[in-house]
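In what follows, chains carry the letters A, B, and so on, assigned in the order in which the sequence lines appear, proteins first and then strands, with residues in each chain numbered from 1. What you see is a predicted model, and the numbers here were worked out from it, not measured in a lab. All heavy atoms count here, side chains included; hydrogens, waters and symmetry mates do not.
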Amino acid sequence: MSVAGGEGRGKDGFASALLDWYDDHARILPWRVPPGSDERPDPYRVWLSEVMLQQTTVATVRPRFERFLERWPTVSDLAAAPQEDVLSEWAGLGYYARARNLHACAKVVAEQGWPQTEEGLRALPGLGTYTAAAVAAIALAERAVVIDGNVERVVARIFAIERPVRQAGAEVRAGAAALTPAARPGDYAQAMMDLGAGVCRPKRPDCLLCPVRPFCDAAARGLTEELPVRVPKKPRPVRSGVVYVGVRPDGAVLCERRAENGLYGGMLGLPSSDWKEGGADAGAPVASDWVNVGEVEHGLTHFILKLTVQTARLGDAPSGTFFTDDLSGLPTVFRRCVALASVHAAANDAP
DNA sequence: TATTCGTGGTA
DNA sequence: TTACCAAGAAT
C-alpha cells in the first residue's frame, strides 16, 4: 500500500503497535491462550468458539462454550453424539445450521484429523472464508488474512474507505492483507477483534485510547463516526401463524421434530400452521377445545413473526408428535409460546 | 450479488 | 420503541 497523500505515514508499524497493545490489554476468554504464549490452543476449542461467535456476542457465547465443552470435551466425543443432542445443546443460540454443520464437521475431523492449512479448513462444513482463516491463524499459526465485522470496520477506518463496505470487499481485503504480519498471526487476529470490540467500536470509537491512531486515515480526516458506510436495511415484513401448545395432565408439552432444512431446521418445535406474510388468519383451531391465549411477537433477521398461541389439554399425541417435559431443547420462540400458555393456565387454575 | 438463516443487548 | 448489530455461512 502506498502512503496516503497528505495523511501522515503509511502503515508500517501498524501490526507491531497493535500487538504491543494486545500484550497488555488482551481480553481473558475461555477459548484463548494468553498473548505471546508459546503453546498453540486446541483446534477443537478454537473452532467451536469461532462457530459459536458467528453473529453472536461474547457475553452470550461464554457460558454456552463452557457448557458445550464440558459435555463434549473432544471432537471425537462430539462426533459420537446423536445429532438431536447437539441441536438441543445449541437451542437458544440461533442460526441452527451452525449446529448441524458443526456436527457434520466433527464427524469428518474425528475420522480424518484437522486439516493443517487454511485451504483445507475451508473445505469443512460450516467453515467459510472468515472461520477458516481465523482457525488457521489462531490454531495453526498460519499467516491467514482474517476478516470479520471488526476487521472490516477497523480497515475501513484505517484506510478511510468511503465506499459502502458491502461493495468494497476487494478493497477491504487488500487493506487487511497489507496490515497482516507474518509473525504472531493468531495474536494479531485476536488483537484486531479486541480493538474492534473495545476501542474501534461501531459507535463512538474511543480514539484517545487507540494504539493505532497514528495510522488511521479516518481519524486524520475526522471521519471515524461516518465509517464504515453501510447501506440501510429494508424494513422487515410480518409473517403470521398459529402455534399449538398441547399439554398433557402431567404437564408435558406436545412437540415435533422439524424438517432438516429451513427455519429452525432439525430442531424440536411445537405443532403450528405455516408462517405466511400477509395471512393474518387467526387460524381456526384444529379442534374446538383449543383456546386462544394471546400472541407472541418474535423478531428475526429478515422478518417479524406474529404467532397466535392456542392451547388445550391432551391425552395422547398425534402421529409425528410426542410429549416432553424438557423444553430446554426448544428454540427461544417456542419457549416463549409455552411460557405464554403457562401463564394462561396458571390464571385459569387459580380459582 | 442478494437472500435466508436467530437471538439478545444497547442507545 | 425502533434500529442496529455481534468473531458469517450457504445457496
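Of the residues A:E260, A:H103, A:K107, A:R100, the one that meets the side chain to side chain donor-acceptor pair (under 3.5 Å) test with A:Q83 is A:E260.
A:L263 comes within 4.0 angstrom of the backbone, heavy atoms only, and of no base. Among the atoms of the strands shown, none is found under 4.0 Å from any heavy atom of A:G265. Among the heavy atoms of the strands, none lies under 4.0 Å from A:W47. Within 4.0 Å (heavy atoms only), A:L29 reaches at least one base atom of the nucleic acid. Counting non-hydrogen atoms under 4.0 angstrom, A:G262 reaches the backbone sugars and phosphates but no base. Using a 4.0 Å heavy-atom distance criterion, A:R27 is classed as a base contact.
Across the P atoms, B:dG9 and C:dA9 are found 24 Å apart, a figure rounded to whole Å. Distance check on atom P: B:dA2 versus C:dA7 gives 23 Å, rounded to whole Å. B:dC5 and C:dA6 are spaced 22 Å apart, taking the P atom of each and rounding to whole Å.
Not one side-chain nitrogen or oxygen of A:K234 sits closer than 4.0 Å to the OP1 or OP2 atom of B:dA2. The side chain of A:Y96 places an N or O atom within less than 4.0 Å of a non-bridging phosphate oxygen (OP1 or OP2) of B:dT7. A:T131 has a side-chain polar atom (N or O) that falls below the 4.0 Å cut-off from OP1 or OP2 of C:dA9. At the phosphate of C:dA7, neither OP1 nor OP2 sits under 4.0 Å from any side-chain N or O atom of A:Q54.
For A:Y95, counting side-chain heavy atoms from C-beta on, the closest listed nucleotide (C:dA7, C:dG8, B:dT3) is C:dG8. The side chain of A:R230 has C:dC5 as its nearest neighbour among C:dA10, B:dC5, C:dC5. The side chain of A:H298 approaches B:dT7 more closely than any other nucleotide in the set C:dG8, B:dT7, C:dA6. Distance from the side chain of A:R32 is smallest for C:dA7 among the nucleotides B:dC5, C:dA7, B:dG6. Relative to the side chain of A:T56, the nucleotides C:dA6, C:dA7, B:dG6 differ in distance, and B:dG6 lies closest. Residue A:R122 places its side chain closer to C:dA10 than to any other of C:dA7, C:dA10, C:dA6.
Mapped onto DNA chain B by nearest heavy atom, A:A97 and A:K203 fall at different nucleotides, with A:A97 at the one closer to the 5' end. Mapped onto DNA chain B by nearest heavy atom, A:R204 and A:Y264 fall at different nucleotides, with A:Y264 at the one closer to the 5' end.
Between the side chain of A:T332 and the base of B:dG6 there is no donor-acceptor pair of N/O atoms closer than 3.5 Å. Donor-acceptor pairing under 3.5 Å, judged by distance alone, is absent between the side chain of A:R153 and the base of C:dA7. Not a single donor-acceptor contact under 3.5 angstrom links the side-chain atoms of A:T60 to the base of B:dG9.
Spacing between atom CG of A:D194 and atom P of C:dA6 amounts to 15 Å, rounded to whole angstrom units. If you measure from atom CZ of A:R236 to atom C1' of C:dA3, you get 8 Å, rounded to the nearest angstrom. We find that CD of A:E297 is positioned 11 Å from C1' of C:dT1, with the value rounded to whole Å. If you take CG of A:D148 and P of C:dA7, they are 6 Å apart, rounded to a whole angstrom. Rounding to whole angstrom units, CG of residue A:L53 and P of C:dG8 are separated by 8 Å. Here B:dA2 presents its P atom at 7 Å from CZ of A:R166, a figure rounded to the nearest Å. Protein atom CG of A:L124 is 15 Å distant from nucleotide atom C1' of C:dA10, rounded to whole Å. Per the geometry, CG belonging to A:L121 stands 17 Å off P belonging to C:dG8, to the nearest Å.
Side chains of A:Q310 and A:V291 form no contact here, defined as non-hydrogen atoms less than 4.5 Å apart.
Comment: A:R230 engages A:E152 in a salt bridge, judged by a side-chain N to carboxylate O separation of less than 4.0 angstrom. Look at A:E89 and A:R67 and you find a salt bridge, because one of the NZ, NE, NH1 or NH2 atoms lies within 4.0 Å of a carboxylate O, short of that distance. Under the 4.0 Å criterion applied to side-chain N and carboxylate O atoms, A:D187 and A:R184 are assigned as salt-bridge partners.
Residues from residues 102-116 of chain A that place a heavy atom under 4.0 Å from any atom of DNA chain C: there are none.
Distance check: A:L270 CG to A:T311 OG1 gives 10.0 Å after rounding to the nearest 0.5 Å.
Geometric assessment of A:R239 against the ring of A:F303 yields a positive cation-pi assignment under the 6.0 Å and 45° thresholds. Cation-pi geometry between A:R248 and A:F323 is met: the NZ or CZ atom falls under 6.0 Å from the ring centre, inside 45° of the normal. Annotation: cation-pi pair A:R122/A:W114 absent, no NZ/CZ under 6.0 Å from the ring centroid and within 45° of its normal.
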Under the side chain to side chain contact (heavy atoms under 4.5 Å, CB included) criterion, do A:V243 and A:T308 qualify, and how do the steps go?
CA-CA 6 Å; A:V243 170; A:T308 298; over 6 Å; no
